[in-house]
Each structure stands twice: as C-alpha cells, then as structure tokens.
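Notes for the one structure printed next.
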Amino acid sequence: MTKRDTFELPGDRARLFSRLLETIEFEIVPLTTRGVAAGNKVFGAALLRKSDLGLVLADTNNETANPLWHGEIHCLKSYYELEDRPGTDELIFLSTHEPCSLCLSAITWAGFDNFFYLFSHENSRDSFAIPHDLKILAEVFGLEDGQYNRRNAYWSCWSIRDEIGRLDDPERRRLGEWADRLDKLYEALSGTYQESRSASAIPLP
C-alpha cells in the first residue's frame with residue numbers, strides 16, 4: 001500500500017478543539033443521554049467538514065439493537081445512509097472515546113485519514129468501568145499496553161486532551177475547563193449506565 005497524504009492539524013488549533021468540544025456537548029451528549037436511558041453505553045461520534053467544521057451528523061451507541069452498533073459504527077451506518085454525503089477525505093472523524101479495535105478497523109476501512117477523541121482507553125477502563133478495549137487489544141492482538149500506531153499509512157489520530165495541553169494560555173485554560181465540564185457530564189451518564197448494567201443483554205456490557 002502507498003502511504004496516503006498525512007492529515008495535518010490546522011493553524012488555528014484552538015478553534016478546532018473548541019468546535020470539537022462544542023460538538024460533543026451540544027450534538028452528541030443529548031443523543032447519548034437518550035441512548036443511555038435505553039441501556040446503551042456512553043460512546044458517541046460525529047463527522048464534521050474539514051473546510052468549515054460544519055456538522056454532517058452525530059450519533060451514539062446503539063448496542064441494545066445490535067452489539068456491533070458502537071458509537072463510531074452507528075455513526076458510519078448513518079453516514080452511508082445519507083443520500084448526498086461528502087467524501088471521507090473531506091471529513092473529520094470525532095469520537096467521544098478512543099475507538100476500540102472494531103471501530104479502529106471500521107474507520108480505516110471506510111477511508112478516513114484522521115480521528116480525534118476526548119477520553120482515552122485508560123479512561124474507558126478506569127473512569128467508565130468498561131475495560132474491553134484494552135483487554136481485546138491485549139488478548140487478541142498482543143498489545144499489552146494498547147499502543148497501536150497513532151500515525152500510520154491509513155490515518156493519524158489525536159487526543160483532544162493532549163492537544164489542548166499543548167496550547168498557550170488563555171486558550172489552554174479555557175478549553176481545559178470546558179473538557180473538565182464534559183468529564184462531569186460523562187461521569188453522570190456513566191453512573192446511569194452502570195445502574196442498569198447488570199440487566200444488560202449486551203454481550204460485553
């Protein structure tokens with residue numbers, strides 16, 4: 001395979017990360033709130049245009065309907081159901097949580113050259129009590145530390161938290177506080193999910 005052109009972060013990184021956090025809070029969280037009330041996990045995703053950061057669509061986990069409908073997979077399903085959809089090379093892929101091995105593969109096969117995430121695999125395990133991402137990477141792929149290649153011939157990916165930490169103040173402080181507020185929102189969503197988890201029919205709850 002020939003290496004694709006690398007997707008580079010734009011010059012105005014604060015604008016990009018503001019828009020990603022805004023999308024999570026106002027587009028994904030409302031969908032996830034309803035999904036969690038129905039017994040689904042807290043994971044969601046969205047697609048934005050690279051050109052103007054406009055939203056194409058947002059979606060959330062729907063594993064109660066199909067255990068393969070992770071947030072990213074369900075987002076891709078909705079994307080391919082659009083009558084007039086932009087090409088994947090025109091889009092930014094946003095995931096609330098670092099994609100699992102299933103979703104990493106789906107993003108790759110769909111042809112995206114990038115993705116961004118707010119919560120890491122370690123966050124999913126430690127803060128959300130969902131250890132499957134790291135366990136599968138270890139048990140199936142032999143990646144004991146979960147360290148897949150963040151830059152490869154298919155795509156590049158970024159942790160929103162890490163990138164915010166590289167900004168200068170006052171944007172670093174402003175966006176860091178925003179991300180902290182999202183932590184609280186997702187902590188509450190996770191609590192709701194955990195309360196119903198024992199009754200879940202999802203194979204890997």
Side-chain angles (χ1 to χ4, degrees), residues 4 6-7 9 16-17 19-21 23-24 27-29 31-32 35-36 40-48 50 55-63 65-80 88-89 91-164 179 182-183 186 189-190 193 202-205:
R4 305 171 65 179
T6 302
F7 174 75
L9 293 177
L16 170 62
F17 297 122
R19 181 64 180 129
L20 296 182
L21 295 180
T23 301
I24 291 172
E27 303 293 344
I28 300 176
V29 164
L31 298 173
T32 300
V36 167
N40 293 291
K41 292 192 184 80
V42 297
F43 308 132
L47 304 176
L48 297 90
K50 292 177 181 176
L55 180 72
V56 174
L57 65 87
D59 219 321
T60 193
N61 186 287
N62 194 22
E63 285 182 88
N66 182 328
L68 299 183
W69 291 158
H70 291 195
E72 298 92 329
I73 303 293
H74 208 246
C75 184
L76 288 171
K77 175 180 178 292
S78 297
Y79 165 70
Y80 279 101
T88 56
D89 61 335
L91 299 174
I92 289 171
F93 197 107
L94 170 62
S95 182
T96 58
H97 296 67
E98 189 171 8
C100 70
S101 55
L102 170 66
C103 298
L104 287 173
S105 295
I107 290 168
T108 306
W109 280 103
F112 287 88
D113 63 7
N114 72 89
F115 66 85
F116 295 81
Y117 60 89
L118 181 58
F119 300 105
S120 69
H121 284 156
E122 289 77 14
N123 293 146
S124 293
R125 179 192 63 198
D126 301 336
S127 302
F128 298 95
I130 299 175
H132 311 304
D133 300 347
L134 286 172
K135 280 191 75 172
I136 290 171
L137 286 171
E139 292 291 333
V140 178
F141 299 100
L143 298 175
E144 292 298 332
D145 55 2
Q147 291 301 309
Y148 59 90
N149 293 323
R150 268 65 175 175
R151 306 287 184 273
N152 56 66
Y154 296 97
W155 40 256
S156 298
C157 72
W158 290 269
S159 158
I160 297 172
R161 274 281 192 186
D162 288 351
E163 294 305 317
I164 288 174
L182 289 176
D183 285 349
Y186 274 90
L189 288 169
S190 179
Y193 173 72
I202 299 172
L204 296 178

[Y] side chain reached by [X] side chain, heavy atoms, under 4.5 Å:
{"X": "Leu47", "Y": "Phe112", "result": "yes"}
{"X": "Asp59", "Y": "Tyr79", "result": "no"}
{"X": "Thr32", "Y": "Asn61", "result": "no"}
{"X": "Tyr117", "Y": "Ser159", "result": "yes"}
{"X": "Thr96", "Y": "Leu182", "result": "no"}
{"X": "Asp133", "Y": "Glu98", "result": "no"}
{"X": "Leu118", "Y": "Leu94", "result": "no"}
{"X": "Lys77", "Y": "Trp69", "result": "yes"}

Indicate the atoms forming the closest heavy-atom contact of [X] with [Y], along with that distance.
{"X": "Leu57", "Y": "Ser78", "value": "CD2-C, 3.9 Å"}
{"X": "Leu31", "Y": "Thr60", "value": "O-CG2, 3.6 Å"}
{"X": "Pro99", "Y": "His121", "value": "O-NE2, 2.8 Å"}
{"X": "Thr23", "Y": "Leu55", "value": "CG2-CD1, 4.0 Å"}
{"X": "Ile28", "Y": "Gly44", "value": "CG2-CA, 3.8 Å"}
{"X": "Ala110", "Y": "Thr88", "value": "O-CG2, 3.3 Å"}

Distance from [X] atom [atom1] to [Y] atom [atom2], nearest 0.5 Å?
{"X": "Ile24", "Y": "Ile160", "atom1": "CD1", "atom2": "CD1", "value": "4.5 Å"}
{"X": "Asn149", "Y": "Cys157", "atom1": "CG", "atom2": "SG", "value": "9.5 Å"}
{"X": "Leu91", "Y": "Phe115", "atom1": "CG", "atom2": "CZ", "value": "15.5 Å"}
{"X": "Leu104", "Y": "Leu137", "atom1": "CG", "atom2": "CG", "value": "7.0 Å"}
{"X": "Phe43", "Y": "His74", "atom1": "CZ", "atom2": "NE2", "value": "15.5 Å"}
{"X": "Phe93", "Y": "Leu48", "atom1": "CZ", "atom2": "CG", "value": "11.0 Å"}

For [X], enumerate each residue passing the side-chain hydrogen bond (donor to acceptor under 3.5 Å, both in side chains) test, keeping only those at least two apart in sequence or located in another chain.
{"X": "Glu27", "value": "none"}
{"X": "Asn40", "value": "Thr64"}
{"X": "Lys135", "value": "none"}

_Assess the residue pair Ile107 and Tyr154 against the criterion (side chain to side chain contact (heavy atoms under 4.5 Å, CB included)); give the C-alpha distance rounded to whole Å, side-chain angles, the decisive distance to 0.1 Å, and a yes or no._
CA-CA 9 Å; Ile107 290 168; Tyr154 296 97; over 6 Å; no
For residues 122-132, which side-chain N or O atoms pair as donor and acceptor with protein atoms under 3.5 Å away, sequence neighbours left out?
from   : atom 1 : to     : atom 2 : distance (Å)
Glu122 : OE1    : Ser120 : OG     : 3.3
Asn123 : OD1    : Ser120 : N      : 2.9
Asn123 : OD1    : Ser120 : OG     : 3.2
Ser124 : OG     : Ser120 : O      : 3.4
His132 : NE2    : Leu204 : O      : 3.4
His132 : NE2    : Pro205 : O      : 2.6

Exercise. Should Asn66 and Ile73 be marked as a side chain to side chain contact (heavy atoms under 4.5 Å, CB included) after you check the CA-CA gap, both sets of side-chain angles, and the distance that decides it?
Worked result: CA-CA 11 Å; Asn66 182 328; Ile73 303 293; over 6 Å; no
Evaluate side chain to side chain contact (heavy atoms under 4.5 Å, CB included) for Ile164 paired with Leu21, printing each intermediate quantity in order.
CA-CA 11 Å; Ile164 288 174; Leu21 295 180; 4.0 Å; yes
Using the ring centroid of each side chain, check whether Phe7 and Trp158 are separated by less than 6.0 Å. yes
Sorted by chain and number, sequence neighbours left out, ring-ring contact (aromatic ring centres under 6.0 Å, His included) with Tyr186 holds for His97, Phe119
Under a 4.0 Å threshold between the charged nitrogen and the carboxylate oxygen, would Asp113 count as salt-bridged to Lys50? yes
Contacts of Arg161 meeting salt bridge (Lys or Arg N to Asp or Glu O under 4.0 Å) (sequence neighbours excluded), chain-then-number -> Asp180, Asp183
Worksheet entry | Cation-aromatic face contact Arg150/Tyr148, 6.0 Å, 45 degrees | yes
